[in-house]
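What follows is one structure encoded as structure tokens, with my remarks underneath.
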Protein chains: 2
Amino acid sequence: MKMITNMERLKNTLTTNGLKPTYQRLKILEYLETHVDAHPTVEAIYEALVKKIPTMSMTTVYNTLNTFIAKNLASAVTITGTELRYDCVTTPHHHFLCQRCNKIYDVEIKCPIIDRNYVDGHQIDEIHGYLKGICKQCLAKERAKK
Amino acid sequence: MKMITNMERLKNTLTTNGLKPTYQRLKILEYLETHVDAHPTVEAIYEALVKKIPTMSMTTVYNTLNTFIAKNLASAVTITGTELRYDCVTTPHHHFLCQRCNKIYDVEIKCPIIDRNYVDGHQIDEIHGYLKGICKQCLAKERAKK
DNA sequence: ATGACTGCAAAATATTTGCATATTC
DNA sequence: GAATATGCAAATATTTTGCAGTCAT
């Protein structure tokens with residue numbers, strides 16, 4: 001078995017999707033993969049990467065994420081309504097937004113329409129399940145206070 | 001049976017929820033009720049109402065909608081990610097966004113977690129199901145072209 | 001008169017666009 | 001070298017905030 005570095009693997013991911021493996025794209029993809037749990041905002045991705053790549057711009061982050069979405073390498077999480085958060089596509093899952101701490105958690109839920117192609121005659125391309133409430137951690141903190 | 005006008009009914013809805021039945025609130029609530037299917041943006045509500053109430057402001061629309069949400073008279077639909085759309089609360093249902101025409105449709109789906117209070121230890125306060133794809137109407141138009 | 005509500009103006013936040021420069025194959 | 005990608009600056013879009021004036025009891 002031939003060993004490849006992580007960067008080579010990411011490069012392959014981009015090229016096999018017809019995308020030029022630019023340094024910016026590689027870094028953004030790497031960031032998404034290593035921060036799946038955080039469901040980062042564009043801001044967060046930009047802030048993290050501009051430290052290493054001083055010329056990085058918000059525009060590039062937006063461009064790249066939109067390109068990734070078009071190629072199905074990432075998906076937008078629209079749960080908060082006023083900002084977009086991002087996720088690199090792995091397995092289908094739903095999201096839980098904590099309304100106290102604003103964290104987004106992945107949750108596995110057996111969805112009854114996951115394998116339907118149509119609902120009411122509309123063609124389904126994406127399914128998003130969003131739960132909102134108070135997360136485990138915040139509930140614990142609250143209990144501790146009392 | 002005593003007959004009441006629609007405006008009296010809306011007024012009752014507001015007062016029984018502890019809200020002063022101001023003209024603006026009545027009109028916004030009426031608009032929401034008569035345009036449930038449209039899932040209007042703040043902009044749309046404002047534009048429609050400012051014709052009748054020239055002093056109406058965006059701020060008031062935002063204030064009012066947030067008040068309604070707090071009282072559970074309306075809910076925010078966060079499906080597009082960059083703008084909020086509104087819905088007046090009736091029965092629980094999911095939403096379908098057409099990515100061609102940008103319309104939002106209500107869809108009835110049997111949700112397996114609708115009566116669960118916790119998932120992975122997180123307390124669930126709201127459940128939102130968002131489907132995206134191409135709506136019936138747009139599919140028909142597309143077929144017609146070929 | 002008091003407390004709540006409205007609405008203007010400005011600020012804050014988030015995203016998109018035009019275009020000149022740079023990079024990749 | 002042609003096509004594509006980057007990134008600055010400016011424009012656009014969306015939501016929030018401060019505050020002064022207004023309205024209903």
Side-chain angles (χ1 to χ4, degrees), chain A residues 7-8 10-29 31 39-71 73-86 99 102, chain B residues 7 10-12 14-15 17-29 31 39-71 73-86 102:
Chain A
M7 276 299 146
E8 282 165 353
L10 294 176
K11 201 165 166 175
N12 282 344
T13 304
L14 292 177
T15 50
T16 59
N17 278 282
L19 298 176
K20 287 188 185 171
T22 66
Y23 188 59
Q24 288 85 341
R25 287 176 175 173
L26 281 167
K27 284 301 179 182
I28 292 172
L29 183 57
Y31 187 86
H39 302 88
T41 58
V42 168
E43 179 79 20
I45 298 169
Y46 170 77
E47 287 303 337
L49 296 183
V50 78
K51 287 174 192 162
K52 298 295 185 93
I53 314 167
T55 60
M56 175 66 68
S57 78
M58 288 287 231
T59 305
T60 299
V61 181
Y62 277 106
N63 284 342
T64 304
L65 290 170
N66 287 332
T67 305
F68 285 179
I69 288 171
K71 297 293 182 177
L73 292 173
S75 65
V77 179
T78 64
I79 197 166
T80 68
T82 54
E83 72 185 0
L84 287 166
R85 300 247 203 145
Y86 297 86
Q99 291 180 313
N102 225 34
Chain B
M7 275 299 148
L10 294 176
K11 202 164 165 172
N12 282 344
L14 291 177
T15 50
N17 277 283
L19 298 176
K20 289 191 183 166
T22 66
Y23 189 60
Q24 288 84 342
R25 286 175 176 174
L26 281 167
K27 284 302 179 181
I28 292 172
L29 184 56
Y31 187 88
H39 302 88
T41 57
V42 169
E43 179 78 20
I45 299 169
Y46 170 77
E47 288 302 338
L49 297 184
V50 80
K51 288 175 193 162
K52 297 295 185 96
I53 314 166
T55 61
M56 174 65 69
S57 77
M58 289 286 234
T59 306
T60 299
V61 182
Y62 277 108
N63 284 341
T64 304
L65 290 171
N66 287 331
T67 305
F68 286 178
I69 288 171
K71 297 293 182 177
L73 292 174
S75 66
V77 179
T78 64
I79 196 166
T80 68
T82 54
E83 70 184 2
L84 287 166
R85 300 247 204 144
Y86 296 86
N102 225 33

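Lettering follows sequence order; numbering is per chain, from 1.
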From [X] [atom1] over to [Y] [atom2], what is the distance, rounded to the nearest 0.5 angstrom?
X	Y	atom1	atom2	result
A/Gln24	A/Asn63	CD	CG	10.5 Å
B/Leu65	B/Arg85	CG	CZ	13.5 Å
B/Ile53	B/Tyr23	CD1	OH	5.0 Å
B/Thr64	B/Ile28	OG1	CD1	3.5 Å
B/Leu10	B/Lys27	CG	NZ	9.0 Å

Which atoms form the tightest heavy-atom contact between B/Leu14 and B/Pro21, and what is the distance?
CD1-CA, 3.7 Å
Decide yes or no for B/Glu83 and B/Glu43: does some side-chain heavy atom of the first lie under 4.5 Å from some side-chain heavy atom of the second?
no
Nucleotide range of DNA chain C contacted by chain A, 5' to 3', under 4.0 Å to a heavy atom?
C/dA14 to C/dC25
Can you name the side chain to side chain donor-acceptor pair (under 3.5 Å) partners of [X], sequence neighbours left out?
X	value
A/Gln99	none
B/Arg25	none
B/Thr60	B/Ser57

Begin from the C-alpha positions of B/Lys51 and B/Met56 and carry the test side-chain contact (heavy atoms from CB on, under 4.5 Å) through to its verdict.
CA-CA 9 Å; B/Lys51 288 175 193 162; B/Met56 174 65 69; over 6 Å; no
Within the distance-only criterion (no hydrogens, no angle test), does the side chain of B/Thr78 pair as donor or acceptor with the backbone N or O of A/Thr78 below 3.5 angstrom?
yes
Once salt bridge (Lys or Arg N to Asp or Glu O under 4.0 Å) is applied, do any residues pair with B/Lys11, and if so which ones, sequence neighbours excluded?
none
Non-neighbouring partners of B/Glu47 that pass salt bridge (Lys or Arg N to Asp or Glu O under 4.0 Å), sequence neighbours left out
none
In residues 16-29 of chain A, what residues come within less than 4.0 Å of DNA chain D, judged by heavy atoms?
A/Lys20, A/Thr22, A/Gln24, A/Arg25
Below 4.0 angstrom, which residues in residues 76-85 of chain B have at least one non-hydrogen atom near DNA chain D?
B/Thr82, B/Glu83, B/Leu84
Please report how far the helix from C/dA1-D/dT25 to C/dC25-D/dG1 bends, comparing the axis fitted to its first five pairs with the axis fitted to its last five, to the nearest 10 degrees.
30°
For residues 55-65 of chain A, which residues have at least one heavy atom under 4.0 Å from DNA chain C?
A/Thr59, A/Tyr62
Using a strict heavy-atom distance below 4.0 Å, which residues from residues 44-52 of chain B are in contact with DNA chain C?
none
Under the side-chain contact (heavy atoms from CB on, under 4.5 Å) test, which residues partner B/Asn12, sequence neighbours left out?
B/Ile4, B/Thr15
Full working for side-chain contact (heavy atoms from CB on, under 4.5 Å) between B/Thr22 and B/Leu26:
CA-CA 6 Å; B/Thr22 66; B/Leu26 281 167; over 6 Å; no
Check A/Val42, A/Val77, A/Thr41 against A/Tyr86 for a side-chain contact (heavy atoms from CB on, under 4.5 Å) and give me the one that passes.
A/Val42
